[in-house]
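Values below: every heavy atom of this structure, side chains too, minus hydrogens, waters and symmetry copies. Starting from 1, each residue takes its place in the sequence as its number.
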Amino acid sequence: VQLQASGGGLVQAGGSLRLSCAASGRTFSNYNMGWSRQAPGKEREFVTAMRWSGSTSYADAVKGRFTCSRDNAKNMVYLQMNSLKPEDTAVYFCAATTSVVVTTPGRYGHWGQGTLVTVSS
């Protein structure tokens, strides 16, 4: 599966953004889809994931503010980000995995190119 993320940009603290990830391939619905992020000088970290079953997982740092969703008919995954904070500034990547472990970036075998989110204070 090939992935392409979009929707990043500059937003003020407290604002919202919605990231989109377009996936190619007819087996999209079989994958667990996730979002990770990488801030300058930091390691890539897990943000959220939605399994093929529809269940979701969230990092504590984004719980209650971010929502992951997917549309299998359109081969799309979305990340709705509300109440953004300057510490959310990072390049956001969408990724796909068949692993049951979805909270570890290293378990994802397919990655999009990333989209930059900058939150100003």
Side-chain angles (χ1 to χ4, degrees):
V1 61
Q2 293 183 324
L3 306 169
Q4 184 166 357
S6 61
L10 175 64
V11 63
Q12 289 188 330
S16 298
L17 276 177
R18 189 175 87 149
L19 306 184
S20 300
C21 177
S24 64
R26 291 176 292 178
T27 60
F28 170 77
S29 61
N30 295 339
Y31 284 91
N32 300 319
M33 300 298 299
W35 292 91
S36 293
R37 66 187 181 186
Q38 188 164 17
K42 295 189 176 181
E43 293 186 354
R44 192 168 299 188
E45 65 175 2
F46 168 77
V47 175
T48 180
M50 175 170 274
R51 298 170 185 80
W52 63 267
S53 63
S55 66
T56 53
S57 295
Y58 294 93
D60 288 343
V62 307
K63 205 169 290 184
R65 300 187 298 121
F66 290 11
T67 302
C68 183
S69 61
R70 64 191 292 169
D71 185 337
N72 288 338
K74 296 182 179 180
N75 281 14
M76 295 292 295
V77 183
Y78 305 100
L79 178 60
Q80 178 66 44
M81 305 185 292
N82 299 328
S83 302
L84 282 161
K85 305 175 181 180
E87 52 263 43
D88 294 319
T89 295
V91 176
Y92 284 72
F93 300 88
C94 64
T97 183
T98 56
S99 171
V100 297
V101 178
V102 299
T103 57
T104 302
R107 294 300 187 107
Y108 288 79
H110 306 273
W111 291 87
Q113 85 287 3
T115 185
L116 176 63
V117 172
T118 303
V119 184
S120 63
S121 57

#### Entry: Results of side chain to side chain contact (heavy atoms under 4.5 Å, CB included) for K42 - residues two or more places apart only
A39

Closest approach of [X] to [Y] (non-hydrogen atoms, all atoms of both residues):
| X | Y | value |
| --- | --- | --- |
| V1 | A23 | CG2-CB, 3.9 Å |
| V102 | F46 | O-CE1, 3.2 Å |
| G8 | T115 | N-OG1, 3.0 Å |
| P105 | T103 | CD-O, 3.9 Å |
| W52 | S29 | CB-O, 3.2 Å |
| N32 | Y108 | O-CE2, 4.1 Å |

Hey, could you give me the [atom1]/[atom2] distance between [X] and [Y], rounded to the nearest 0.5 Å?
| X | Y | atom1 | atom2 | answer |
| --- | --- | --- | --- | --- |
| Y78 | C21 | OH | SG | 10.0 Å |
| Q38 | E43 | CD | CD | 8.5 Å |
| S69 | M33 | OG | CE | 11.5 Å |
| S36 | E45 | OG | CD | 8.0 Å |
| D71 | F28 | CG | CZ | 8.0 Å |
| H110 | L3 | NE2 | CG | 8.0 Å |

Within a strict 4.5 Å, meaning less than it, do heavy atoms of the [X] and [Y] side chains meet?
| X | Y | value |
| --- | --- | --- |
| V77 | M50 | no |
| W35 | T48 | yes |
| R51 | S57 | yes |

Is the number of heavy atoms from other residues, nucleotides or ligands under 6.0 Å of [X] [atom1] greater than 12?
| X | atom1 | value |
| --- | --- | --- |
| Q2 | CD | no |
| Q80 | CD | yes |
| W111 | CH2 | yes |

### Message
Taking Y31 as the starting point, is it possible to reach M76 by hopping between hydrophobic residues whose side chains are less than 4.5 Å apart?
### Response
no

Expected list for residues 88-100: side-chain donor-acceptor pairs under 3.5 angstrom, two or more places apart:
{"from": "D88", "atom 1": "OD1", "to": "R37", "atom 2": "NH1", "distance (Å)": "2.9"}
{"from": "D88", "atom 1": "OD1", "to": "R65", "atom 2": "NH2", "distance (Å)": "3.0"}
{"from": "D88", "atom 1": "OD2", "to": "R65", "atom 2": "NH1", "distance (Å)": "2.8"}
{"from": "D88", "atom 1": "OD2", "to": "R65", "atom 2": "NH2", "distance (Å)": "3.4"}
{"from": "D88", "atom 1": "OD2", "to": "K85", "atom 2": "N", "distance (Å)": "2.8"}
{"from": "T89", "atom 1": "OG1", "to": "P86", "atom 2": "O", "distance (Å)": "2.9"}
{"from": "T89", "atom 1": "OG1", "to": "V119", "atom 2": "N", "distance (Å)": "2.9"}
{"from": "T89", "atom 1": "OG1", "to": "V119", "atom 2": "O", "distance (Å)": "3.4"}
{"from": "Y92", "atom 1": "OH", "to": "R37", "atom 2": "NH1", "distance (Å)": "2.9"}
{"from": "Y92", "atom 1": "OH", "to": "D88", "atom 2": "O", "distance (Å)": "2.6"}
{"from": "T97", "atom 1": "OG1", "to": "S99", "atom 2": "N", "distance (Å)": "2.9"}
{"from": "T97", "atom 1": "OG1", "to": "R107", "atom 2": "O", "distance (Å)": "2.7"}
{"from": "S99", "atom 1": "OG", "to": "V101", "atom 2": "N", "distance (Å)": "3.0"}
{"from": "S99", "atom 1": "OG", "to": "V101", "atom 2": "O", "distance (Å)": "3.4"}

